[in-house]
Amino acid sequence: MSVPVFLSSAARSFILLSPAAGLLCCRLSNPSSVTRRNMSSKNKMDHLERTASNSRQNALYPAQVCGIMNESETVKRLRIAVHPNFSFKAGQWVDFFIPGVEKVGGFSMCSSPGLLQREGVIELAVKYTKHPPAHWIHTACTVGSQVAMRVGGDFFFDPSPSDPSVDLLLVAGGVGINPLYSILMHTSDLQHIKQASGGRDYNIGSAHLCYSAKNDQELLFKSSIIQACREFPDKISCDFHVTQQSTDVDPHLQPFLKRGRITEEELRAHVDPQRTMCLLCGPPPMLEAISKTLTDLGLPKDRILFEKWW
């Protein structure tokens, strides 16, 4: 049996494993080495080049698009049914192989591992660009489209029940919300597990999200984020920021929304050098400015983690 014909040339070095539940699974013969991603990535490199030094799972899994919705005017959200053996950690991304498209996409999961466990699906939110994978998602992808995915990334939140409590500060800009939303939803899932066990499982601290976008229409996942904040008001909180809002703000967002950029004062209120772990994802200038501010506030560099796609 050969590799499925829809895989692009970038994936033709794979060999086939045994089928499981009617789906094929391919495995790399030479997995990438494990290193942490840094802020010196080059903007114009393709996804596979840019992430060549990141860790990846060996397996490439076929999958099928089972739902498509408009998350905003510029972002489509895909719901994708995956192989039973597919797994990921909150914050990771996938190499995204499309039949007939030579370029390989790279998209962070925006769903939690809990959704995968419950329903056998993952979700991706992809902003429109002319880059072939994103362009295909916005112009050609339909329910039933076949793709293939491989999980990678060293940016994730995956605590064990025995790990000490940590407070998360999540800072997102634009579509950089994707991996941080996955982490926030994973935190919410863990709070549910802790609640159901009477506090015996997981020692979960707080999570605060600072999320900046041009306007409230570009604030993705806002309803679900607010729901999590209201469900666990002592553990999950958020501040939405809009930087170019020219119209009135949605009243539903009013208690959570601020005009202007994320400020040092806001970050200071959520930084404890002994307890806080900050995870950032957004445009490079934003990441660099926020990282410097956090360092100036005394947060050790090894407690400032980031994912950078541009």
Side-chain angles (χ1 to χ4, degrees), residues 36-37 39 41 54 71-72 75 77 88-94 106-116 122-127 151-159 166-191 204-214 216 218-229 231-232 235-243 253 256-258 261-262 266-267 270-271 276-291 293-294 299 303-310:
R36 180 185 167 190
R37 199 152 166 192
M39 296 180 73
S41 59
N54 284 117
E71 187 66 31
S72 75
V75 175
R77 188 169 177 176
F88 73 99
K89 299 173 183 177
Q92 289 188 302
W93 39 258
V94 289
F107 306 116
S108 293
M109 264 76 67
C110 65
S111 53
S112 71
L115 179 66
L116 173 60
I122 68 160
E123 294 184 341
L124 305 175
V126 180
K127 188 169 184 175
V151 173
D154 306 307
F155 177 91
F156 55 81
F157 179 61
D158 184 39
V166 62
D167 293 334
L168 299 180
L169 174 58
L170 310 175
V171 182
V175 290
I177 186 61
N178 281 334
L180 300 183
Y181 179 68
S182 174
I183 290 170
L184 190 72
M185 291 299 97
H186 186 46
T187 301
S188 177
D189 286 343
L190 295 180
Q191 293 289 0
I204 303 300
S206 64
H208 179 76
L209 171 66
C210 300
Y211 178 17
S212 177
K214 291 180 179 180
D216 60 7
E218 290 296 317
L219 289 168
L220 310 182
F221 321 121
K222 46 188 175 282
S223 295
S224 298
I225 292 170
I226 290 172
Q227 180 181 342
C229 291
E231 190 167 12
F232 298 103
K235 290 292 187 179
I236 299 176
S237 59
C238 74
D239 285 315
F240 295 128
H241 288 255
V242 291
T243 58
L253 300 177
F256 303 93
L257 193 138
K258 300 178 179 180
R261 299 182 184 279
I262 298 166
E266 180 180 347
L267 296 173
H270 297 282
V271 169
T276 303
M277 181 71 71
C278 184
L279 299 100
L280 306 97
C281 188
M286 175 185 174
L287 298 191
E288 290 158 6
I290 296 290
S291 295
T293 299
L294 293 170
L299 194 62
R303 299 181 75 85
I304 303 172
L305 308 177
F306 47 82
E307 183 66 287
K308 176 178 167 182
W309 285 105
W310 300 274

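Heavy atoms only: backbone and side chains are in, while hydrogens, waters and symmetry mates are out.
- What you find for F256 and C238 is that their closest heavy atoms are CD2-SG, 3.6 Å.
- For the atom pair SG (C110) and CZ (F221), the distance works out to 4.0 Å, reported to the nearest 0.5 Å.
- For the atom pair CG of L287 and SG of C281, the computed distance is 7.0 Å after rounding to the nearest 0.5 Å.
- Shown here are the side-chain contact (heavy atoms from CB on, under 4.5 Å) partners of F232, two or more places apart in sequence or in another chain: S188, Q191, H192, Q195, K235, I236.
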Name each donor-acceptor pair under 3.5 Å that joins a side chain in residues 168-184 to protein atoms two or more places apart or in another chain, with its distance.
unit_1: N178; atom_1: ND2; unit_2: A125; atom_2: O; d: 2.8
unit_1: Y181; atom_1: OH; unit_2: S224; atom_2: OG; d: 3.4
unit_1: S182; atom_1: OG; unit_2: S111; atom_2: O; d: 2.7

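- Within the 4.5 Å cutoff, the side chain of I204 has heavy atoms near those of the T187 side chain.
- No hydrogens or angles considered: a donor-acceptor pair under 3.5 Å links the side chains of S206 and D167.
- Closest of all the heavy-atom pairs between L220 and Y211 is N-OH, 2.8 Å.
- Counted within 6.0 Å of CD on Q227, heavy atoms from surrounding residues, nucleotides or ligands total 12 or fewer; the atom is thus considered open.
- Of the listed residues (E71, M185, R77), just one forms a side-chain contact (heavy atoms from CB on, under 4.5 Å) with E123, and that residue is R77.
- Ring orientation note: the planes of H270 and H208 are close to parallel, at an angle under 30° on the 30°/60° scale.
- Atoms CE and CG, on M109 and L124 in that order, are 7.5 Å from each other to the nearest 0.5 Å.
- Residues F157 and V166 approach most closely at CE1-CG1, 4.0 Å, considering heavy atoms.
- One distance of note links CD1 of I225 with CG of L219; it measures 8.0 Å at 0.5 Å rounding.
- A search for side-chain contact (heavy atoms from CB on, under 4.5 Å) contacts involving K214 returns Q244, not counting sequence neighbours.
- To the nearest 0.5 Å, atom CG of residue D158 and atom CD of residue Q92 are 8.0 Å apart.
- The shortest distance between side-chain heavy atoms of P113 and K89 does not fall below 4.5 Å.
- Surrounding CZ of R303 are more than 12 heavy atoms belonging to other residues, nucleotides or ligands, all under 6.0 Å away.
- Under the 4.5 Å side-chain criterion, counting only non-hydrogen atoms from C-beta, C210 is not in contact with K258.
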Legend entry - Worked check of side chain to side chain contact (heavy atoms under 4.5 Å, CB included) between V126 and V75: CA-CA 5 Å; V126 180; V75 175; 5.8 Å; no

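- Each of T293, L267, T243, D239 was scored for a side-chain contact (heavy atoms from CB on, under 4.5 Å) with I262, with one residue passing: L267.
- Annotation: side chain of L279 is not in contact with side chain of F156 (no heavy-atom distance under 4.5 Å).
- To the nearest 0.5 angstrom, F88 atom CZ is 10.5 Å from S108 atom OG.
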